Amino acid sequence: MENLISLVNKIQRACTALGDHGEASALPTLWDSLPAIAVVGGQSSGKSSVLESIVGKDFLPRGSGIVTRRPLVLQLHKSDEGSREYAEFLHLQRKRFTDFSAVRKEIQDETDRETGQMKQISSVPIHLSIYSPNVVNLTLVDLPGLTKVAVEGQPDTIVQDIENMVRSYIEKPNCIILAISPANQDLATSDAIKISREVDPAGERTIGVLTKIDLMDKGTDAVDILEGKSYRLKFPWIGVVNRSQADINKNVDMIAARRREREYFASTPEYKHLAQRMGSEYLAKVLSKHLETVIKSRIPGIQSLINKTVAELETELSRLGKPIAADAGGKLYTIMEICRLFDQNYREHLDGVRSGGDKVYNVFDNQLPAALQRLQFDKQLSMENIRKLITEADGYQPHLIAPEQGYRRLIESTLVTIRGPAEASVDAIHSILKDLVHKAMNETLELKQYPALRTEVGNAAMESLERMREQSKRATLQLVDMECCYLTVDFFRKLPQEADKGGNPSQSIFDRYNEAYLRRIGTTVLSYVNAVCAGLRHSIPKSIVYCQVREAKRSLLDFYYTELGKLEQNRLSALLNEDPAIMERRSALAKRLELYRSAQAEIDTVAWAK
């Protein structure tokens with residue numbers, strides 16, 4: 001199962017390289033879902049010595065006060081027997097450290113680069129990988145030691161700041177807590193046990209480690225703790241004996257220190273019966289085995305998160321669009337494809353697939369009829385105006401039977417007023433078509449990717465609509481003008497018959513200018529005008545649809561396509577000059593998607609092999 005821990009280490013390294021970890025985010029990430037071991041303890045509790053014993057190398061900074069001022073994510077990789085030991089930092093990729101004193105110095109220097117030399121702390125982790133045949137596959141997070149007071153040069157909030165940082169790690173349900181407590185202090189005052197109990201009351205995620213057993217007062221021992229009698233955890237306590245300061249000063253190596261540790265537990269009467277499950281070597285094996293077990297139990301949840309995240313990343317990348325082609329042909333094809341998608345979205349609005357096209361019908365069914373009904377013919381058909389136009393049309397010789405020229409002038413002057421509603425209908429449809437252009441542009445996600453192309457396509461569409469409006473206006477007003485220049489003959493043929501039916505044949509021709517006669521003329525003209533309005537109510541929409549709506553569906557960007565084919569490559573490149581922020585985001589998402597797909601395949605392989 002060591003392959004499983006190696007896989008998780010690999011995924012964690014990749015997550016870290018991409019910044020895909022949850023230290024500063026409340027959102028669940030792949031990093032958060034992967035189990036890890038957080039090392040928690042108070043200052044001078046022996047945390048560093050425990051870690052060095054597990055690794056078998058002297059590589060951590062030492063000193064008084066707060067030495068660990070940034071989280072250290074330590075990944076151990078078991079290499080082939082006989083291979084050389086080395087370390088790598090994430091911030092110094094491809095640089096291998098074989099001198100572990102240089103590793104210690106780099107940890108100090110990198111800490112100072114982030115926090116300064118005034119004992120400040122930072123939640124930005126340092127990532128260190130160690131490759132050795134003498135380690136087990138493991139991931140440990142060394143956290144700053146919990147403290148009770150701030151020292152000189154530190155802010156008053158540092159006690160709470162460190163506690164908050166530690167909590168941000170150990171509160172995660174996938175975190176295994178390695179609680180380090182010194183045996184020569186009362187366990188009731190242990191900072192590690194106190195904070196672990198708050199986040200893990202049942203002790204199901206906590207592994208207790210007792211350090212400095214060899215430094216306890218004479219006559220006292222830690223047997224009750226190690227046997228789980230005084231403070232019980234789900235997992236048995238493990239005791240370790242670290243190197244003393246004198247050993248460190250004498251550069252006693254880890255192999256000798258481990259041998260002395262084994263001898264101590266085997267030869268001390270109080271701990272002899274516990275010797276098989278004591279010591280740093282046993283601790284490393286327990287941690288590795290437990291981490292394997294936890295990872296195995298979390299595989300379904302990890303798979304679910306990975307699958308969900310892959311789907312979300314694919315959707316987001318699809319929304320951002322494809323990367324730009326390098327050659328002119330590819331760029332032209334990309335532009336044409338985007339324009340085609342926009343054109344399709346626009347047509348769908350007019351065809352009713354998307355909303356908005358119904359507003360066109362509303363103009364024809366409500367606005368135009370209402371505007372025609374609101375027309376006031378009082379001025380044209382007043383008695384005074386009728387008498388004026390009839391007499392002017394008669395000239396020096398009054399009409400004999402019916403005032404034909406007078407009728408024509410009255411009808412023409414009345415029908416001219418219909419031009420207003422007709423022109424207003426053209427403008428109303430134009431406004432709707434423009435709004436649909438904006439809607440279709442907003443719905444064409446690819447246009448958001450290229451602001452310059454979006455502007456140009458929008459301008460081209462508006463210019464086309466403007467040309468269509470002018471053509472529609474000419475055609476629609478011509479319908480009105482046609483009615484003005486040629487009157488329906490049947491209408492005039494009825495006039496003598498109606499006169500014969502309702503009038504007096506012996507009436508004098510000069511009496512026909514009286515008010516009743518003029519009113520009859522006005523009524524007849526109004527009847528004719530209403531009949532014309534009824535016809536135009538149906539023919540005006542046909543003209544507008546033919547000249548504007550139909551053309552917008554068929555050839556909105558035809559002129560632009562013609563011009564597009566004439567553009568040079570630099571101009572095409574300018575149209576596809578993408579927002580740098582989008583380019584960066586696409587690149588980051590693509591890398592993250594590659595990571596998650598790789599993790600998906602490898603986790604699935606492990607899951608199927610179980």
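The shown structure was predicted, so the numbers you read here are calculated from the model rather than taken from an experiment.
- Between I207 and L233 there is no side-chain heavy-atom pair separated by less than 4.5 Å.
- Between the OG atom of S288 and the CD1 atom of I37 there is a distance of 8.0 Å, given to the nearest 0.5 Å.
- A donor-acceptor pair is defined here as one N or O able to donate and one able to accept, closer than 3.5 Å; no such pair exists between the side chain of K212 and the backbone of Q185.
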Problem - Pair F235-V286, side-chain contact (heavy atoms from CB on, under 4.5 Å): steps then yes or no - result: CA-CA 10 Å; F235 306 100; V286 166; over 6 Å; no
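- Exactly one of L283, V39, V135, L74 qualifies for a side-chain contact (heavy atoms from CB on, under 4.5 Å) with I54. That residue is L283.
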Exercise for the section: Start with the C-alpha gap between M278 and L226, add the side-chain angles, then the distance that decides, and say whether side-chain contact (heavy atoms from CB on, under 4.5 Å) holds. Expected result: CA-CA 9 Å; M278 295 292 122; L226 294 175; 3.9 Å; yes
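- Put simply, the side chain of Y282 never gets that close to the backbone of G239: no donor and acceptor are under 3.5 Å apart.
- Between the side chain of E261 and the backbone N or O of S280, at least one donor-acceptor pair lies under 3.5 Å.
- With respect to E456 and R571, a salt bridge is recorded, a charged nitrogen being found less than 4.0 Å from a carboxylate O.
- Between the side chain of S587 and the backbone N or O of E584 there is no donor-acceptor pair closer than 3.5 Å.
- Side-chain contact check for I213 versus V240: every heavy-atom pair is 4.5 Å or farther apart.
- In this structure a side-chain-to-backbone donor-acceptor pair under 3.5 Å is missing from D224 to K229.
- The heavy-atom pair separating E114 from V124 by the smallest distance is OE2-CG2, 3.7 Å.
- Interatomic distance, CG of D191 versus OG of S196, reported as 10.0 Å (0.5 Å rounding).
- Going from atom CZ of F100 over to atom CE of M254 covers 11.0 Å, rounded to the nearest 0.5 Å.
- Using a 4.5 Å cut-off on side-chain heavy atoms (C-beta onward), E110 and R70 make contact.
- Each of R104, R258, R243 was scored for a salt bridge (Lys or Arg N to Asp or Glu O under 4.0 Å) with E52, with one residue passing: R243.
- Proximity of a side-chain donor or acceptor of T111 to a complementary backbone N or O of I107 within less than 3.5 Å is detected.
- Listed for the T455 side chain is a donor-acceptor partner under 3.5 Å among the backbone atoms of P451.
- Between the side chains of T115 and Q120, not a single donor N or O lies within less than 3.5 Å of an accepting N or O.
- Proximity of a side-chain donor or acceptor of S168 to a complementary backbone N or O of M165 within less than 3.5 Å is detected.
- Closest heavy-atom contact between G279 and I238: O-CG2, 4.0 Å.
- The side-chain heavy atoms of I121 and R69, taken from C-beta on, include a pair separated by under 4.5 Å.
- Although no hydrogens or angles enter the test, the distance criterion places no donor-acceptor pair under 3.5 Å between the side chain of K272 and the main chain of A266.
- Nearest heavy atoms, P182 versus T211: CA-OG1, 3.3 Å.
- The two atoms that bring N134 and E85 nearest to each other are ND2-OE2, 3.2 Å, heavy atoms only.
- Rounding to the nearest 0.5 Å places CD1 of I130 at 9.5 Å from NZ of K57.
- Distance NE2/H273 to OG1/T268: 12.0 Å, rounded to 0.5 Å.
- At a threshold of 4.5 Å between non-hydrogen side-chain atoms, the residues S132 and L76 do not count as touching.
- When the shell of 6.0 Å around CD of E312 is examined, it contains more than 12 heavy atoms from other residues, nucleotides or ligands.
- Ion pairing between K194 and E198 holds under the 4.0 Å rule for side-chain N and carboxylate O.
- The shortest distance between side-chain heavy atoms of Y231 and S181 does not fall below 4.5 Å.
- Listed here is the closest heavy atom pair of S48 and P61: OG-O, 4.4 Å.
- Here E163 pairs with R167 in a salt bridge; the nearest charged N to carboxylate O distance falls below 4.0 Å.
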Exercise for the section: Go through the steps for I170 and D200 under the test side-chain contact (heavy atoms from CB on, under 4.5 Å), then give the verdict. Expected result: CA-CA 9 Å; I170 66 176; D200 181 31; over 6 Å; no
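- Among all heavy-atom pairs drawn from P144 and V166, the shortest one is O-CG2, 4.0 Å.
- Using a 4.0 Å cut-off between a side-chain N of Lys or Arg and a carboxylate O of Asp or Glu, R113 and E106 qualify as a salt bridge.
- Two residues are said to be in side-chain contact when any heavy atoms from C-beta on lie closer than 4.5 Å; L128 and L72 meet this criterion.
- To the nearest 0.5 angstrom, K234 atom NZ is 11.5 Å from R205 atom CZ.
- Using modelled atom types and a 3.5 Å distance limit, the side chains of T157 and D161 yield a donor-acceptor pair.
- By the 4.5 Å heavy-atom criterion applied to side chains, R259 and E263 are counted as neighbours.
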Practice task
Take Y169 and I177 through the test side-chain contact (heavy atoms from CB on, under 4.5 Å) and record every step on the way to the result.
Solution key: CA-CA 9 Å; Y169 281 86; I177 305 168; over 6 Å; no
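- Remark: the backbone N or O of E314 is not paired with any side-chain donor or acceptor of S318 at under 3.5 angstrom.
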